[in-house]
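Comments concern the structure below.
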Amino acid sequence: MPTPPLRVAVIGTGVIGAMTAWHLAARGAEVLALDAYGPGHDRGASAGESRIFRTAYKEGASYIPLLRRSYELWRRLESEADRALLTLCGGLTLGAPDHPDLRAVRGSAAEHGLDIEVLDAAQAARRFPQHRLDDGEIAVLDPRAGVLRPEPAVQAALARARALGARLLPYHRVTGLDERPGGGWRVRAENPAGEATYDADHVVLSPGPWSGSFARLAGLPLRGRRITAAWFAARDVAAHRPDRLPIAIRRHPEAGFSCFPVLDGTAVKIVPHHLPWPDAEAPEDLPRGADAGFARAASAAVARLLPGLVPHPVRIGVYAEAFSADEHALLGPLPGARDATLLAGFSGHGFKLAPVFGEIAASLVTEGKSAYDISFLDPARFGG
Ligand SMILES: Cc1cc2nc3c(=O)[nH]c(=O)nc-3n(C[C@H](O)[C@H](O)[C@H](O)COP(=O)(O)OP(=O)(O)OC[C@H]3O[C@@H](n4cnc5c(N)ncnc54)[C@H](O)[C@@H]3O)c2cc1C
């Protein structure tokens with residue numbers, strides 16, 4: 001008798017769960033993909049119009065092979081789903097040459113032979129007048145960087161998973177997870193029609209900033225934080241589109257932010273890094289706007305450093321993200337459980353890597369191993 005396919009419940013289909021469902025379905029697993037909301041929703045971590053992709057990576061050299069693979073997988077998903085998801089508009093890191101982030105980007109590029117260009121303040125002002133640099137500052141340009149489209153990406157990965165046989169269960173909030181005595185799990189979920197249970201051989205937990213609501217994850221150093229983005233109208237919209245404005249990470253004594261070109265509308269998005277990212281226990285309860293103090297401080301940063309924008313926000317977006325204690329993800333077997341894989345705590349940098357994280361999770365579930373060195377992401381490093 002042929003062996004029945006492995007039945008895997010993926011709990012949480014933000015970008016991480018969606019990519020995992022895609023890869024699992026491609027490997028022939030029978031996938032149930034549950035989410036409390038609909039694909040591409042804006043309550044969690046995977047929304048807000050744009051995300052940065054970059055290869056010269058300040059977060060550590062261990063990520064470079066993962067980023068290379070992720071790039072290939074973004075292109076594969078685009079081709080399979082017939083959707084444009086990644087625009088390689090280049091990426092700037094701007095600031096003082098001795099700022100740790102600028103040193104780290106140059107160091108990682110040198111170590112891995114990545115092409116970068118280093119511009120002094122005058123050269124940067126000529127090429128990228130959208131940014132104001134102080135004397136002595138520099139801009140490092142990574143040509144293999146760009147902007148990702150988060151909502152279409154989640155929807156594309158889930159559409160591919162469904163085309164490959166996955167069963168998508170949006171609006172199914174998981175309320176209980178019980179290990180079955182003989183192996184595998186019973187998953188309880190509330191949906192608009194009532195409560196339902198599902199049996200699975202393996203569960204993948206990818207609940208993003210809701211990690212704190214899962215008793216099974218108590219004890220792991222994960223916390224939700226609120227991240228606020230603000231959009232500012234461009235005076236010359238054409239000069240702020242991706243063909244003229246790379247994504248950017250700005251480091252300056254008065255402000256720090258990531259900056260995204262105009263995509264669908266007429267405004268540039270910034271995500272301030274110098275303003276607080278407060279704890280967010282329940283993403284449902286996040287305020288959907290920002291206080292006047294945030295708006296004033298973000299406006300001051302724009303007035304100082306982005307002269308082509310009207311320095312008053314035209315839109316605010318509030319999102320939540322799960323951070324781990326060391327700001328590296330937890331990816332691997334769930335400590336203390338059988339037949340369970342955890343993907344959590346992406347700490348503000350999971351989007352660009354989501355396709356490769358999903359591929360790694362699918363290998364761990366179906367083969368018990370991965371071709372990549374992910375020991376630095378093992379959830380057991382925290383002693384679980
Ligand atoms: C404002 C902001 C800017 C960022 N910028 C970048 C960037 O430029 N580049 C980059 O690489 N990364 C960036 N990140 C990080 C990246 O977006 C996240 O790491 C990534 O989106 C995390 O995805 P996730 O699937 O873990 O979480 P989510 O997208 O939050 O998905 C978790 C899912 O689990 C579901 N869920 C939770 N509990 C349950 C339950 N009980 N039952 C069923 N479903 C449940 C939720 O509904 C949700 O859909 C940024 C994050 C934020 C917030």
Side-chain angles (χ1 to χ4, degrees), residues 9-21 32-54 57 59 63 66-67 70 74 86 91 145-148 150-151 153-154 157-158 169-177 187-191 203-217 222 224-230 247-249 257-260 269-273 277 280 282-284 286 316-324 327 329-331 342-355 357-358 361:
V10 177
I11 299 171
T13 59
V15 73
I16 298 291
M19 294 289 178
T20 305
L32 292 174
L34 300 102
D35 200 289
Y37 295 105
H41 72 86
D42 69 350
R43 300 271 141 179
S46 303
E49 188 180 280
S50 46
R51 287 287 182 274
I52 288 178
F53 179 89
R54 58 203 154 86
Y57 210 51
E59 284 77 2
Y63 285 102
L66 301 178
L67 286 161
S70 209
W74 278 115
L86 169 60
V147 62
L148 288 161
E151 296 88 349
V154 172
L158 286 173
L169 296 168
Y171 307 104
H172 279 61
R173 180 178 297 279
V174 171
T175 51
L177 271 179
V187 179
R188 267 178 288 124
E190 280 171 4
N191 62 62
V203 290
V204 170
L205 284 165
S206 43
W210 285 265
S211 298
S213 67
F214 282 76
R216 287 271 169 185
L217 307 185
L222 290 166
R225 291 173 70 186
R226 184 203 326 167
I227 307 181
T228 306
I247 57 99
I249 295 179
F257 52 80
S258 43
C259 176
F260 301 77
K269 181 179 95 173
I270 71 160
V271 179
H273 298 176
W277 291 356
E284 273 81 8
L286 291 185
I316 296 282
V318 179
Y319 308 94
E321 165 73 322
F323 283 74
S324 76
E327 302 205 354
L330 279 68
L331 199 184
L342 175 65
L343 296 103
F346 292 93
S347 304
H349 52 114
F351 209 94
K352 61 184 81 60
L353 288 155
F357 285 153

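Counting convention: from 1, in listed order, for ligands and their atoms alike.
- Under a 4.0 Å criterion applied to the non-hydrogen atoms of Gly44, ligand 1 contributes the atoms 30 (O).
- With ligand atoms numbered from 1 in the order given, ligand 1 contributes 1 (C), 52 (C), 53 (C) to contacts under 4.0 Å with heavy atoms of Ile227.
- Heavy-atom proximity to atom 39 (C) of ligand 1, evaluated over Trp277, Phe214, Tyr171, Phe53, is greatest for Phe214.
- The closest approach between any non-hydrogen atom of His172 and ligand 1 is below 4.0 Å.
- Geometrically, ligand 1 and Arg51 share a nitrogen or oxygen pair separated by less than 3.5 Å.
- For the pair Leu353/Phe53, no side-chain contact is recorded, criterion being any heavy-atom separation below 4.5 Å from C-beta on.
- The closest approach between a heavy atom of Gly348 and any atom of ligand 1 is below 4.0 Å.
- In terms of polar-atom proximity, Glu321 is counted as a contact of ligand 1, with an N or O under 3.5 Å from an N or O of the ligand.
- Inclusion of Phe260 in the set of residues having an N or O under 3.5 Å from an N or O of ligand 1 is not warranted.
- Every atom of ligand 1 is numbered from 1 in the order shown, and the set under 4.0 Å from a heavy atom of His41 is 46 (C), 47 (O), 48 (C), 49 (O).
- For the pair Arg173 and Tyr37, the cation-pi test (distance below 6.0 Å, angle within 45°) is passed.
- Listed by number with element, the atoms of ligand 1 under 4.0 angstrom from any heavy atom of Tyr319 are 1 (C), 53 (C).
- Residue, atom and distance of the protein heavy atom nearest to atom 44 (N) of ligand 1 are Ala36 N, 3.0 Å.
- Those atoms of ligand 1 that come under 4.0 Å of a heavy atom in Ser206, given as number and element, are 32 (C), 33 (C), 34 (O).
- For a threshold of 3.5 Å applied to N or O pairs, the pair formed by Phe351 and ligand 1 contains at least one separation below that value.
- The shell of residues lying under 4.0 angstrom from ligand 1, judged by heavy atoms, includes Asp35.
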